[in-house]
Amino acid sequence: MKLTTTHIVVAFHIISRPSSKRLSWSSCGSGTLRAQQKQISSMGKRRGSRKNRRSKVQIEEQCVVSSWNTGGENEGVASEPLVALHHFETNDEPEGFSHWSAWRDCWKQLGWSPSLFQLHIWSSWKESAIQIVAPTGSGKTVAYGLPLLQTKLSVVLVPTRELCRQVQQECQRMAHSHHSIKAWYGGTVDKKSQFTEFKHRRGSSAIIVATPGRMWDILQSFPDSEFDLSVLVLDEADRLALNAELSEQVHNIAKALKPTKVILCSATQGSNSRDVWTQWMESAFGRVPNVTVVQVVSTRKGPTTDLQQVEDEADQPKKRRLEGTEIWSQIPSRVTQVVHVCAHHKKPPKLIKTLSKVSGPGLIFFAKITTLQYISALLKRSSQLKVMEYHSRLTQREREKPLQGIVLTTDLCARGIHWEEAKFVVNYDFPGNLETYIHRCGRVGRKSDGTVYSFFTRNFQKLAPDLVRLLESTNQWVDPNLQQLADESQEKEHEPPEKKQKSKQPDKPKGKDLDQLLDDEEKAFAALAGDRIVLKRASHVSDASSSSSDEDSGDEE
Ligand SMILES: Nc1ncnc2c1ncn2[C@@H]1O[C@H](COP(=O)(O)OP(=O)(O)OP(=O)(O)O)[C@@H](O)[C@H]1O
């Protein structure tokens with residue numbers, strides 16, 4: 001597998017969320033652009049570390065079109081999108097686009113201007129395989145959803161039920177009432193009627209949004225059926241690829257449905273996803289086509305005291321992208337990230353302190369449901385806060401309730417969920433990889449500014465060097481303790497193998513199991529809350545130390 005070397009920057013653009021008028025593509029006249037640059041640079045000034053403030057670093061976002069396949073060279077890439085903004089403003093129909101007026105009417109109804117990467121995706125729509133990589137909240141659903149409204153039967157696979165419902169609603173918003181968009185996941189109408197409807201839809205225009213588990217279940221129940229599928233969209237494609245069960249289901253679905261087009265979509269790519277994606281393509285097409293990648297990337301620009309440093313850093317995103325692990329650009333610039341290194345037992349008081357600072361609704365992420373339930377019980381007893389639990393052990397009915405107040409959740413909510421009102425995220429437990437960190441950060445900053453507070457414990461030291469680079473690349477403050485952990489980690493990388501073995505950090509904090517850690521948390525809460533807390537562990541968490549069975553992977557069915 002090789003990424004072709006031609007990466008052509010096809011356009012330059014500073015983007016936040018496309019709906020934001022001041023930063024929208026339509027307002028990209030040079031005067032406005034200068035104002036935007038000023039605005040971005042002043043954001044850097046407000047939020048940046050001292051080092052960044054001095055160097056006045058600007059973050060600029062660009063749309064890059066490239067391609068990959070199993071070894072071939074990249075063919076010529078258009079220097080600007082075939083579908084341009086003026087096509088939306090005039091009657092001038094772009095060449096080769098049927099149903100153009102329907103597309104335009106749809107946008108006019110929504111009252112939006114398409115963003116640059118959305119224009120590029122539509123311009124690339126004739127390709128049989130497209131990969132979309134754009135920041136959280138940038139409008140990827142609309143980017144693939146709008147063309148689906150002009151095609152025959154298409155299937156969108158997403159990893160969770162929540163996302164399934166959300167994508168269905170988003171597509172329905174764009175669609176005229178005659179267009180049928182269905183959401184299929186466990187607990188919905190019976191399989192037989194879903195299958196009959198699917199068969200009935202052959203040849204007509206319809207979108208089915210489903211979890212892979214449900215879709216495969218239905219297809220398995222009715223073997224030897226023929227389908228006439230136009231497009232298969234794999235939303236959160238890296239999540240689907242990196243989970244063995246989901247990946248196997250997608251593989252089987254691609255083989256059974258034989259789509260004519262495959263769309264891969266996510267804010268992150270994950271380092272090993274591409275091998276799995278290749279297998280899916282082989283199942284769908286019987287060969288691996290050239291995959292066109294439309295990607296939003298950010299680079300840092302601006303005067304600095306150290307030119308070499310800027311040049312090195314400017315190279316960094318490109319290098320990472322070439323390795324297929326681009327992680328820098330996908331957190332919107334209006335999200336402030338505050339990462340603090342802290343000891344595990346300090347997390348409860350830190351949480352209370354953080355919650356006293358924030359206002360408005362938000363999400364707190366936990367690695368395990370038992371920890372979540374435990375902290376939830378403590379918060380309910382010790383504060384007046386409106387707390388809601390949200391994880392995969394709830395009933396379907398409970399999972400359908402709208403999010404409100406302070407939501408204690410797991411990675412079930414890490415991806416895709418569009419909750420405009422959310423003002424903050426707390427990573428009570430830091431996620432195991434930076435892709436998940438990026439997706440969790442993306443739950444805020446969707447309508448207005450948001451802040452992400454992360455409690456970083458030493459057992460995540462391995463992530464520290466990349467996390468520091470990520471924070472710097474997005475102009476954020478870097479905790480000196482985090483910098484120190486990053487430096488130590490890099491020094492360890494260069495140690496001879498024997499020494500490395502000796503100094504290897506255990507995955508869990510040394511000598512303490514979850515029960516002990518919860519005891520520490522309980523004491524810390526008691527110290528803070530005084531009499532309001534009854535020092536008695538809730539019975540439903542007394543087996544908290546029991547294995548990883550309480551982890552919430554967010555997978556479906
Ligand atoms: N061109 C546009 N102008 C204004 N609003 C837009 C535009 N495109 C999409 N939106 C809106 O932006 C919001 C976020 O879109 P969406 O949920 O598709 O983000 P996303 O890129 O899929 O994010 P994530 O990576 O977190 O899943 C939606 O409410 C959508 O309706």
Side-chain angles (χ1 to χ4, degrees), residues 13 15-28 61 63 81 83 85 87-89 103-104 106-122 131-149 156-160 162-175 209 233-240 263-270 294-296 326-327 329-332 334-335 363 403 411-422 425 435-448 450 452 554:
H13 186 40
I15 317 172
S16 175
R17 188 167 149 274
S19 58
S20 159
K21 269 207 172 114
R22 59 204 157 95
L23 293 178
S24 74
W25 163 244
S26 60
S27 58
C28 263
E61 291 187 349
C63 192
V83 184
L85 196 67
H87 290 118
F88 284 85
E89 286 160 358
W103 282 53
R104 240 194 26 191
C106 191
W107 278 96
K108 291 221 158 128
Q109 264 177 19
L110 292 167
W112 294 344
S113 294
S115 65
L116 184 59
F117 93 91
Q118 290 171 333
L119 292 172
H120 270 291
I121 287 158
W122 303 332
Q131 185 190 341
I132 306 169
V133 191
T136 51
S138 58
K140 294 185 284 296
T141 317
V142 172
Y144 68 70
L146 185 63
L148 293 189
L149 296 176
V156 180
L157 296 178
V158 295
T160 63
E162 285 67 22
L163 213 45
C164 199
R165 274 205 315 276
Q166 185 180 294
V167 170
Q168 186 257 342
Q169 283 161 6
E170 182 78 354
C171 291
Q172 195 68 68
R173 192 148 72 109
M174 288 183 282
V209 189
V233 178
L234 304 163
D235 202 343
E236 306 297 349
D238 55 335
R239 177 78 188 93
L240 294 173
I263 311 292
L264 303 160
C265 179
S266 181
T268 50
Q269 304 194 61
V294 178
Q295 181 174 19
V296 178
E326 157 68 26
I327 56 172
S329 61
Q330 311 308 345
I331 301 175
R334 60 172 161 213
V335 176
L363 297 139
L403 301 180
D411 280 331
L412 184 66
C413 275
R415 283 178 181 252
I417 299 302
H418 183 72
W419 185 26
E420 280 190 351
E421 290 75 30
V425 158
E435 278 82 12
T436 306
Y437 174 76
I438 289 168
H439 286 279
R440 286 186 186 179
C441 287
R443 293 323 100 210
V444 286
R446 299 180 82 93
K447 191 178 179 185
S448 53
V452 180

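First listed ligand is number 1; within each ligand, the first listed atom is number 1. This one's a predicted model, so the numbers in the text were calculated from it and none came from an experiment.
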(request) Verify whether one side chain among T268 and H439 offers a donor that lies under 3.5 Å from an acceptor in the other. (result) yes
(message) Heavy atoms only, cut-off 4.0 Å: how does P135 contact ligand 1, side chain, backbone, both, or neither?
(response) backbone
(message) Tell me the contacting part of Q118 for ligand 1: side chain, backbone, both, or neither, using a 4.0 Å heavy-atom threshold, strictly below.
(response) side chain
(request) Please round to the nearest 0.5 Å and tell me the distance separating atom CG of L157 and atom CG of L163. (result) 11.5 Å
(message) I'd like to check which ligand 1 atoms, numbered from 1 as shown, lie under 4.0 Å from a non-hydrogen atom of R443.
(response) 26 (O)
(message) So does A134 get a backbone contact from the side chain of K140, meaning a donor-acceptor N/O pair under 3.5 Å?
(response) yes
(message) For ligand 1, which is the ligand I care about here, please tell me if A134 has any N or O atom under 3.5 Å from one of the ligand's N or O atoms.
(response) no
(message) Any nitrogen or oxygen of T136 lying under 3.5 Å from a nitrogen or oxygen in ligand 1? Just yes or no.
(response) no
(request) Starting at CG of L363, measure out to CG of L403 and round the result to the nearest 0.5 Å. (result) 6.5 Å
(request) Mark up the atoms of ligand 1 that fall under 4.0 Å of a heavy atom belonging to R173, in ascending order. (result) 29 (O), 30 (C), 31 (O)
(message) What I'd like to find out is whether the side chain of T136 reaches to under 4.5 Å of the side chain of I331, using heavy atoms alone.
(response) no
(message) Quick check on contacts: which atoms of ligand 1 are under 4.0 angstrom from a heavy atom of V142?
(response) 9 (C)
(message) So, taking the atom named CH2 in W122 and the one named OH in Y144, what distance separates them when rounded to the nearest 0.5 Å?
(response) 13.5 Å
(request) Using a 4.0 Å heavy-atom cut-off, say whether E170 meets ligand 1 through its side chain, its backbone, both or neither. (result) side chain
(request) Measure S266 to ligand 1 on non-hydrogen atoms and call it side chain, backbone, both or neither using the 4.0 Å cut-off. (result) neither
(request) Check whether any heavy atom of S113 sits under 4.0 Å from an atom of ligand 1. (result) yes
(request) Compute the minimum heavy-atom distance from R415 to ligand 1 and say whether it is under 4.0 Å. (result) no
(message) Below 3.5 Å, N or O to N or O, backbone or side chain included: is there any such pair between G137 and ligand 1?
(response) yes
(request) State the atoms of ligand 1, each with its element, that fall below the 4.0 Å cut-off from a heavy-atom position in T141. (result) 16 (P), 17 (O), 18 (O), 22 (O)
(request) Would you give the length of the straight line joining atom CZ of R446 to atom CZ of R334, rounded to the nearest 0.5 angstrom? (result) 10.0 Å
(message) Measuring only between side-chain heavy atoms, which start at C-beta, is I132 closer than 4.5 Å to I121?
(response) yes
(request) State, yes or no, whether a side-chain contact exists between D411 and R440 at a heavy-atom distance under 4.5 Å. (result) yes
(message) Could you check whether any heavy atom of S138 sits closer than 4.0 Å to an atom of ligand 1, since that is the contact criterion I want to use?
(response) yes
(message) Any donor-acceptor pair under 3.5 Å linking the side-chain atoms of Q131 with those of Q269?
(response) yes
(message) Nearest non-hydrogen contact with atom 26 (O) of ligand 1 belongs to which option: E236, R446, K140?
(response) R446
